Enquirer: 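I have a structure here, written as structure tokens, and I will follow up with some questions on it.
Note on naming: letters A, B, ... go to the chains in the order of the sequence lines (proteins, then strands), and numbering restarts at 1 for each one. The structure presented is a predicted model; accordingly, all values stated were derived computationally and were not measured.
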Amino acid sequence: MKPPEKSKPSNFVRDIIEEDLRLGTHDGRVATRFPPEPNGYLHIGHAKSICLNFGLAQEYGGQCHLRFDDTNPVKEDVEYVESIKNDVAWLGFDWGEHLYFASDYFEKMYGFAVELIKKGLAYVDSQSVEDIQENRGTVKTPGVPSPYRDRSVEENLDLFEKMRAGEFKDGEIVLRAKIDMGNANMLMRDPLLYRVRHVHHHRTGDAWCIYPMYDFAHCLEDAIEQITHSVCTLEFENNREVYDWLIGNVSAPSQPKQYEFARLNLNYTVMSKRKLLQLVEENLVSGWDDPRMPTIAGMRKRGIPPEAIRFFCEIIGVAKANSLVDVAMLEYAIRDKLDPVTPRVMCVLRPLKVTITNFPEDKVEIMNGPLWPENIDNDEKRPIPFTKTIFIEQGDFAETPPKKWKRFAPGLEVRLRHAYFIKCNEVVKNDAGEVVELLCTYDPQARGTAPDGRKPNGTLHWVSATEGVNVQARLYDRLFSVAQPDGDAEVDFKTHLNPDSLTVRECAMAEPYLKELKSGARVQFERQGFFVLDGDDSSDGNLVFNRITTLRDSWKKEPVKAAPKPKAKKQKPALVSVPQEAKVSQRDQVREGNPALAARFDRYQNDLGLSKNVADQLSGDEPLSNYFETLLASGLPAALCAKWLRNELLAYGDEGDLSGLSFGADAFVELLTLLNKKEISNRMAKEILEAMVKTGKAPGALLKDMGGGVIADDSAIEGIIQSVLDGAVDECERYKNGEDKLFGFFMGQVMAQTKGKADPKLSRDLLQKALAKLRTE
RNA sequence: UGGGGCGUCGGCAAGCGGCAAGCCAACGGUUUUUGGUACCGUCAUUCGCAGGUUCGAAUCCUGCCGCCCCAACCA
């Protein structure tokens, strides 16, 4: 019985889905998809997308498709589809029957292309690759239409058929959408839909020699599969316009919507397929599944459990801001999942011989150590042989211990975990002066605890030198030594490779119990970290363990006090007063081409007395300016009209466009008139405006609904304030204790109780008095 | 003729006109036969900057600044 899942953190995609569900947008369905191209291995960045897409479907009772976006046979291969399926399944997600391939839709897509041609919305272009690029223009200049843009429908149909029939060579000809060569969005400049590729496809074989491009294919795949929310990464934002255009211009079987989130970046690692490939090809790592790689395969070999990856993806959140997540977060997720469920054993990574001089020569005493951590209700134990010679960790002994040392040193006594206290009497060194052996005595009475209650200087893990088993331990650390290995395009990211990312301890000694472990078993080497038994690399007599991650270690060798960095005051950028005239604003340009607006600009400033900024805004966009003119025609004060138009009404518009509002300028005039006559307060006007937007009802009617106008009566407001105070005992107490900021809370309560009708200024004064009184009581 | 996005703590990230959530990191403390775990506590008078609107602005309006994406017959 699992405890109820804590509700997952909210994010903007969930908000959108919930809103769609509320509105019944896609018949109340939720269908997402994870659409990898089978041209490489999955990494933790993909895991974020997988968790998001499958998670969303799971949570909203929908479905998530695993769809291979195999539209480019020159880069793709079956090898990858198997590894991707394997990785997704290993992560713990089930696509059920929803396994799809874009290539299965080639015939349908061809049909949609023909439809587009017939509608005159696509054409066959015979320009060379170079000409197409040339004529696309640049980001600052419009493109120019292809000379083939106006081919007849018949000719296009014929050519397209011939394309499919294989009558053209690669690169000779393409099918393009006929959209707009001058569009500011480069992707809308007649995007390519099909290209010729005489290549064998891993699924369709040689059935096709034309293949659809991403922009054309992806939205159709979504539409065909009835995907509702097509969630992809930020770099596709510009593609959304094409996506919507295509869905809108083809008889699409459904109307999917695309949403974009920020891809995952992790510090101390690289994520791009290209760079990962480089590491593999240059043998800088052992392969795609090298435990230092951020690939799913690498993390699996490393021993990271899938639930840790899922948890990680949950806690990093989903948003639209480019961000760089700290790997410490991943390590936390791993420890959090592993710690409560992982058996504890002992293994000495760098053995230091310890001879217990007062212990019988050939005696083997069996200690019993619990395998499971305290939180698990299982006291299963494993036998740990204790003998005259044992190994302890080299790092656990210091000839001259630093301050706060809680380990072993000459003359000190420590506890051996699950065994006796031992005391260091003598240090044996070799010719080089290195410590090679410790001569100690044990206290037969002090096993675990000492009868006299004395405390040891720490607890060490240990292994019998004669009964232990030799194992190989591979200690992995971050692959790169700088936070952003690919942060500087000038510097090869490989120069930042961490030389210590892998340390192999061939001579690690472990307790014999480890021989019982099954391949893939995860254990905690106490005081060291979590390790996994690497089944692939172990053989009968040779156990190999990969370190998944270290334990958190709060022991600092040098308690370096954090440099008392004076909390760097945010440097305020020097105010550079850019002369307004320095650049010609968009609005200036509009006015240049529209003398009437230019005249208004002057009139607003000179006759109406509006500030330059306000006049600029209200004369720089024709529809907006016309709206303002309508308000002016009512005879209301210009300043009032300007203020409410700009600051309030515009907030409800769509990027400054007010045409979508459910009421006209006349209704807005009515509202402003009420305000001008002081029949309503600013606050009430805002309340009414909001209601107008929602319901489209007239201001007068809404005012009536509110039941009267401004409350400006002292005693009435005092009564309300009292009731607010009475209903907020906690807050009153806190306010008394000096929490001034609660004033806003109280004020908000007053306004809420009166639906905004209380006169704000008066309310504020009275509230202040009431609260002051509260404090003096 | 440029367009599309994004700026909230050291790192993630909620927040949608009324008290600046949470997590990681860091730092203290309690418990402890792991310098682990668990538990408690500290950590944003301020939301890129500057104006404006409002009784009240991270949130609405305006301007500016800074990052990211777009000119593959890749996805």
Enquirer: Check every strand shown and say whether A:D326 touches a base, only sugar-phosphate, or nothing at a heavy-atom separation below 4.0 Å.
Expert: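 It contacts sugar-phosphate atoms only.
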
Enquirer: Looking at residues at least two apart in the chain, or sitting in another chain, which of them share a ring-ring contact (aromatic ring centres under 6.0 Å, His included) with A:Y243?
Expert: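 ring-ring contact (aromatic ring centres under 6.0 Å, His included) check on A:Y243 returns nothing, list empty.
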
Enquirer: Just to verify, what does A:H218 make a ring-ring contact (aromatic ring centres under 6.0 Å, His included) with, not counting sequence neighbours?
Expert: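 ring-ring contact (aromatic ring centres under 6.0 Å, His included) check on A:H218 returns A:Y214.
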
Enquirer: Nearest nucleotide by nearest heavy atom, which residue falls closer to the 5' end of RNA chain B, A:A651 or A:K761?
Expert: A:K761

Enquirer: According to the salt bridge (charged side-chain N to carboxylate O under 4.0 Å, His left out) rule, which pairs have a member within residues 122-141 of chain A, sequence neighbours left out?
Expert: A:D125-A:R176

Enquirer: Could you encode protein contacts along nucleotides 14-22 of chain B as a string, one character per nucleotide from 5' to 3', using B for base contact, S for sugar-phosphate-only contact and - for no contact, with a heavy-atom cut-off of under 4.0 Å?
Expert: SS-BBBS--

Enquirer: Test of understanding: with side chain to side chain donor-acceptor pair (under 3.5 Å), list the residues that count as partners of A:D215, not counting sequence neighbours.
Expert: A:N239

Enquirer: How does protein contact run along nucleotides 32-41 of chain B, one letter per nucleotide 5' to 3', with B for base contact, S for sugar-phosphate only, - for none, heavy atoms under 4.0 Å?
Expert: -BBBBS----

Enquirer: Quick one: side chain to side chain donor-acceptor pair (under 3.5 Å) partners of A:D621, sequence neighbours excluded?
Expert: none

Enquirer: Could you give the distance separating B:A58 and B:C47 at their P atoms, to the nearest angstrom?
Expert: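 Pairwise P distance, B:C47 against B:A58, rounds to 7 Å.
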
Enquirer: Could you pull out all residues at least two apart from A:T138 that satisfy side chain to side chain donor-acceptor pair (under 3.5 Å)?
Expert: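 Once residues adjacent in sequence are excluded, the partners of A:T138 under the side chain to side chain donor-acceptor pair (under 3.5 Å) criterion are A:T141.
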
Enquirer: Applying side chain to side chain donor-acceptor pair (under 3.5 Å), which residue pairs with at least one partner in residues 748-766 of chain A are found, sequence neighbours left out?
Expert: A:S723-A:Q753

Enquirer: Could you measure between the two C1' atoms, the one in B:C49 and the one in B:A57, and give it in whole Å?
Expert: 16 Å

Enquirer: Anti or syn, where syn is a glycosidic angle within 90° of 0; which label fits B:A71?
Expert: anti

Enquirer: Tell me whether the rings of A:Y735 and A:F746 are parallel (<30°), tilted (30 to 60°) or perpendicular (>60°).
Expert: perpendicular

Enquirer: Checking A:Y148 now: which residues fulfil ring-ring contact (aromatic ring centres under 6.0 Å, His included) with it, not counting sequence neighbours?
Expert: none

Enquirer: Reading nucleotides 67-75 of chain B 5' to 3', which nucleotides get B (base under 4.0 Å from a protein heavy atom), which S (sugar-phosphate only), which -?
Expert: -SBBBSBBB

Enquirer: Got a sec, which residues hit ring-ring contact (aromatic ring centres under 6.0 Å, His included) with A:H461, two or more places apart in sequence or on another chain?
Expert: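 By the ring-ring contact (aromatic ring centres under 6.0 Å, His included) rule, A:H461 matches no residue at all.
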
Enquirer: For A:L324, answer base if it contacts any base atom (sugar-phosphate contacts may also be present), sugar-phosphate if it contacts only those atoms, and nothing otherwise; contact means non-hydrogen atoms under 4.0 Å.
Expert: sugar-phosphate

Enquirer: Could you check whether A:R176 gets within reach of a base, just the sugar-phosphate, or nothing at all, counting any heavy atom under 4.0 Å?
Expert: nothing

Enquirer: Determine which nucleotide pairs with B:U34, using a 3.5 Å limit on both distances of a Watson-Crick or G-U wobble pair.
Expert: none

Enquirer: A:Q617 CD to B:C64 P: how many Å, rounded?
Expert: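 The distance from CD of A:Q617 to P of B:C64 comes to 12 Å, rounded to the nearest Å.
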
